[in-house]
Amino acid sequence: MREARIKITTEFIKLDALLKFANVTATGGEAKAVIQDGGVSVNGQVCTMRGRKIRPGDRVELDGGLALVVE
């Protein structure tokens with residue numbers, strides 16, 4: 001599994017915004033679809049809430065073998 005470290009400068013970032021910020025998806029609509037289809041897990045649990053707050057220390061994994069570790 002590939003892993004990328006994503007640094008944020010705020011307290012949190014919403015899950016859909018994180019996928020766009022990390023260039024995993026090109027648009028918000030694409031991020032929404034990936035999340036709603038169950039293709040994203042946060043800290044080991046499938047997450048279908050696109051507004052989920054992701055904080056430093058969280059690990060977001062996507063189908064396809066990419067993990068984003070938020071710092």
Side-chain angles (χ1 to χ4, degrees):
M1 177 169 284
R2 294 179 304 137
E3 188 172 291
R5 297 202 171 274
I6 307 298
K7 185 168 183 75
I8 61 173
T9 58
T10 56
E11 180 184 349
F12 65 87
I13 187 170
K14 291 184 179 181
L15 180 57
D16 60 347
L18 174 68
L19 297 184
K20 288 189 331 185
F21 180 71
N23 293 318
V24 173
T25 61
T27 66
E30 186 180 337
K32 177 181 175 181
V34 169
I35 295 165
Q36 287 182 334
D37 289 345
V40 179
S41 64
V42 177
N43 299 325
Q45 296 185 344
V46 173
C47 181
T48 57
M49 299 181 307
R50 69 179 197 209
R52 166 99 184 246
K53 294 178 181 176
I54 306 299
R55 292 178 160 69
D58 285 339
R59 181 182 180 91
V60 176
E61 295 181 5
L62 293 99
D63 286 348
L66 175 63
L68 304 174
V69 179
V70 180
E71 297 181 336

Open item on the list: Could you go through Val34 and Asp63, starting from their C-alpha distance and side-chain angles, then the distance that decides it, and tell me whether this counts as side chain to side chain contact (heavy atoms under 4.5 Å, CB included)?
Closed with: CA-CA 9 Å; Val34 169; Asp63 286 348; over 6 Å; no
Intermediate values then yes/no, side chain to side chain contact (heavy atoms under 4.5 Å, CB included), Ile35 and Leu19
CA-CA 10 Å; Ile35 295 165; Leu19 297 184; 3.9 Å; yes
Show, in sequence, the C-alpha distance, side-chain angles and deciding distance for Leu18 and Val24, and conclude whether the side chain to side chain contact (heavy atoms under 4.5 Å, CB included) test is met. CA-CA 8 Å; Leu18 174 68; Val24 173; over 6 Å; no
Requested in this report: Report the C-alpha distance between Arg50 and Leu15 in whole Å, list the side-chain angles of each, state the deciding distance to 0.1 Å, and finish with yes or no for side chain to side chain contact (heavy atoms under 4.5 Å, CB included).
Outcome: CA-CA 5 Å; Arg50 69 179 197 209; Leu15 180 57; 5.6 Å; no
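Note on Glu11 versus Lys53: no salt bridge recorded, every NZ/NE/NH1/NH2 to OD/OE distance being 4.0 Å or above.
Leu68 contributes atom CG, which lies 9.0 Å from atom CD of Glu3 (distance to the nearest 0.5 angstrom). Atom CZ in Phe21 sits 13.5 Å away from atom CD1 in Ile54 (nearest 0.5 Å). Rounding to the nearest 0.5 angstrom, the gap separating the CD atom in Glu71 from the OG1 atom in Thr9 is 13.0 Å. With rounding to the nearest 0.5 angstrom, the CD atom of Gln36 is 10.0 Å from the CG atom of Asp16. Here Lys20 contributes atom NZ and Thr25 contributes atom OG1; the two are 7.5 Å apart, rounded to the nearest 0.5 Å.
In terms of hydrophobic clustering, with Ile, Leu, Val, Met, Phe, Trp and Tyr side chains grouped at heavy-atom distances under 4.5 Å, Ile13 and Leu66 are assigned to a common cluster. In this structure, Val69 is not a member of the same hydrophobic cluster as Ile6, with clusters built from ILVMFWY side-chain heavy atoms closer than 4.5 Å.
For Ile8 against Pro56, the heavy-atom pair with the smallest separation is CD1-CD, 4.0 Å.
For Glu30, there are no side-chain hydrogen bond (donor to acceptor under 3.5 Å, both in side chains) partners, not counting sequence neighbours.
Heavy atoms from other residues, nucleotides or ligands lying under 6.0 Å from CD of Gln45 number 12 at most.
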